[in-house]
Amino acid sequence: MLRIRRIYDDILPVNKETLRQVKEILKSQFPDVSEDEIESLGEKLRNPFKQRFCAIPLVAETMRGRVLGFATLLHEPQIGFAYLDWIATASGKTGGGLGGALYDRVRREAASLRATGLFFECLPDNPHECPEPSVLKANRARLRFYERYGARPIINTAYETPVNPGDTCMPYLVFDGLDRPRPLRRAYAKKVVRAVLERKYADLCPPEYVERVVASFKDDPVALRGFQYVKPEAAKSAVESQSFEQIALLVNERHTIHHIHEGGYVESPVRVRNILTELEKGGLCAQVKPRHFAEKYIYAVHAADFVNYLRRACAEVEEGKSLYPYIFPIRNKTRPPKEPSVLSGYYCIDTFTPINRNAYPAARGAVDAALTAAREILDGRRIAYALVRPPGHHAERRAFGGFCYFNNNAIAAQYLSAYGKVAVLDIDYHHGNGQQDIFYRRSDVLTVSIHGHPSFAYPYFSGFEEERGEGEGEGFNMNIPLPEGVNGKQYRKALAKAIQRIEAFSPQFLVVAFGLDPAKGDPTGTWSLGTQDFEENGLLIGALGLPTVVIQEGGYRTRTLGRNAFSFFKGLATANSQWVNNRRRAKAVLVGMNFRTEVDQKDSERIRRLVEITGFFSAAEVDLAVELVSERLEKGPECGYHFLMAEHYGRIIGYTCYGPIPCTAGSFDIYWIAVHPDFHRRGIGRGLVKETERLIRAAGGSRIYVDTSQRSQYASTRAFYEGCGYRLETVLTDFYAPGDGKAIYCKPLV
Ligand SMILES: [Zn+2]
């Protein structure tokens with residue numbers, strides 16, 4: 001089976017491998033293209049605005065990750081056009097089924113960006129311009145293929161003018177009006193051509209050439225060549241599958257088998273029915289059938305013994321009967337009890353989530369729906385909604401409870417995390433303890449939850465503000481507990497804080513654990529959000545502009561469930577599609593960053609992680625960096641080592657270590673500076689140096705020294721110090737090793 005997906009970065013192993021294959025195809029299909037151009041693909045992903053285009057690479061691959069073809073689309077949001085930079089297949093054919101699938105996808109992507117047109121170059125199909133018969137044949141096939149979509153070369157302009165005298169086979173500029181074939185206006189076409197020539201061919205086209213080509217656009221509307229290969233009426237310009245921008249809706253059809261007929265068990269099938277009825281009215285969603293996924297995706301976030309217990313226990317319990325935990329053997333985790341009914345308490349956090357015959361298959365169905373939703377996102381859908389029950393966000397790595405068995409949103413987040421960073425935003429009234437527990441020690445999945453304070457709201461034991469993650473995950477869990485009475489406006493304030501945190505994390509994907517229990521009158525909540533508030537929440541979250549998987553959690557006031565859900569999705573879809581039109585650059589000023597100077601016990605470990613991850617220092621140097629922290633912790637400031645930490649939401653992202661040079665009057669040394677690679681080129685290093693200088697000045701310092709190696713590896717370090725106003729004072733030749741001198745820089749503080 002084939003799928004086409006967008007690549008978001010060149011960092012993850014899966015994408016690295018994909019890009020490697022893409023480069024292979026490029027090299028074999030376009031032998032004339034320079035190595036630099038091919039290598040720049042990764043750079044374009046990291047820095048999409050470098051050419052003032054946003055690069056969107058799409059790959060067609062088998063389910064096992066073999067790349068069969070790819071296309072790169074450049075989007076220009078200001079002028080509003082898309083440019084097809086590359087389209088290539090491993091076999092060399094772009095006109096066949098695969099090329100067609102890729103081109104369909106390119107058109108869909110361009111249309112969803114609201115581009116007015118799609119432009120690209122095609123080599124000429126005229127024997128005067130292209131004398132080589134085999135090339136001519138291929139060019140004809142290509143132009144015939146595009147004509148089927150109504151796309152044809154622009155004529156009566158000087159676009160094909162050779163840049164250098166004697167250049168032959170100059171490409172045509174082809175225009176595809178997408179699904180809104182309107183006349184191509186001259187003023188717009190001029191802007192497009194200028195942008196393409198100036199940005200894409202800056203090295204090739206001198207300014208006079210650009211001016212001449214732009215000035216040659218005289219017709220208004222700009223003329224396109226007549227149809228040469230297909231009858232005009234046979235061309236189909238409609239963009240395939242308008243449902244592209246609809247929300248993919250995945251319903252766990254097996255949810256109805258899970259029905260606990262007991263007083264107070266508010267988690268019932270009617271919830272899904274109400275939401276579905278309301279969503280079906282609006283045409284906002286397109287239903288997609290959930291696929292079955294292997295159990296390995298569940299094992300990826302839940303402990304195997306826990307999963308196996310649930311499966312077995314549900315199968316063994318008598319039909320129609322429910323088994324409720326009543327003993328909680330929490331005192332000895334290493335000795336699970338033998339008796340099945342007692343074992344339920346070993347794996348459960350409360351007394352109201354039963355084991356029964358249907359719980360397991362229903363929960364399994366919910367997992368399939370959640371994973372299919374994630375899959376839809378990987379296939380390029382902007383929003384997918386898994387309308388499931390039982391819910392999942394209270395299920396931890398080794399525990400069920402709170403009506404939840406498997407953590408659907410964590411399973412989806414884990415699945416997506418193989419392709420890019422994921423933020424999980426839990427907007428259920430109750431704390432998302434499940435995903436917090438599962439991702440607590442990870443920095444590639446950010447978990448944020450807004451909920452009723454655990455002092456009065458379920459699950460009571462977690463959801464406190466100070467739970468911020470551990471180890472590598474420190475700073476990657478954020479809890480925003482709120483008081484008992486909260487209205488829509490107060491809620492939005494908390495939501496804005498959560499969104500700010502997510503923006504600072506800059507994930508590739510968003511998973512929303514979607515609870516409707518913040519609504520007014522919910523039997524399990526205390527807040528008073530109205531239908532309009534849900535739309536506002538959707539607008540705020542949609543403005544993040546991320547590919548988003550929404551997974552149903554709680555919400556029990558059946559009268560308003562459907563209406564509130566519809567409002568939320570209306571807001572979410574509206575803001576998400578608006579975002580693609582006015583995409584902003586990543587914020588230069590880093591939100592959530594602060595400095596601190598005191599050193600605490602955990603810092604040894606934090607500094608070790610930071611220094612190691614830079615990949616810049618040897619094992620001995622790493623040990624030395626950690627030793628300085630230990631010495632400071634043991635002896636206090638008297639030891640002469642001072643620290644300045646740059647923290648981002650509680651995680652150290654950079655630091656300096658400095659101190660007075662003994663036996664001098666006011667000379668200081670900066671011994672150490674390191675910045676986490678995720679935060680390079682964001683001004684953290686400069687900020688640290690500036691703040692360190694301020695501290696040194698305040699301590700009576702007048703001169704600062706730094707030293708570094710002369711090796712080429714340290715060229716950027718030397719450039720950095722020079723940029724901060726440090727002057728090279730002297731070089732101690734062969735200091736570190738023969739040929740490796742020590743460069744000493746100095747900055748007098750005036
Ligand atoms: Zn809830």
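Below, each value reflects all heavy atoms present in this structure, side chains not excepted, and no hydrogens, waters or symmetry copies. Just so you know, these numbers come straight off a predicted model, no measurement behind them. First listed ligand is number 1; within each ligand, the first listed atom is number 1.
In this structure, His394 has its ring center at least 6.0 angstrom away from the ring center of Phe400. Here the two rings, on Phe476 and Tyr649, have centers that are 6.0 Å apart or farther.
Here His430 reaches the Zn ion (ligand 1): one of its N/O/S atoms is less than 2.8 Å from the metal.
Asp517 contributes OD2 as its N, O or S atom closest to the Zn ion (ligand 1). Note on Asp428: its N/O/S atom closest to the Zn ion (ligand 1) is OD1.
From Tyr458, atom OH reaches atom OG1 of Thr524 across 11.0 Å, with rounding to the nearest 0.5 Å. In this structure, Lys520 NZ and Thr560 OG1 are separated by 10.5 Å, a value rounded to the nearest 0.5 Å.
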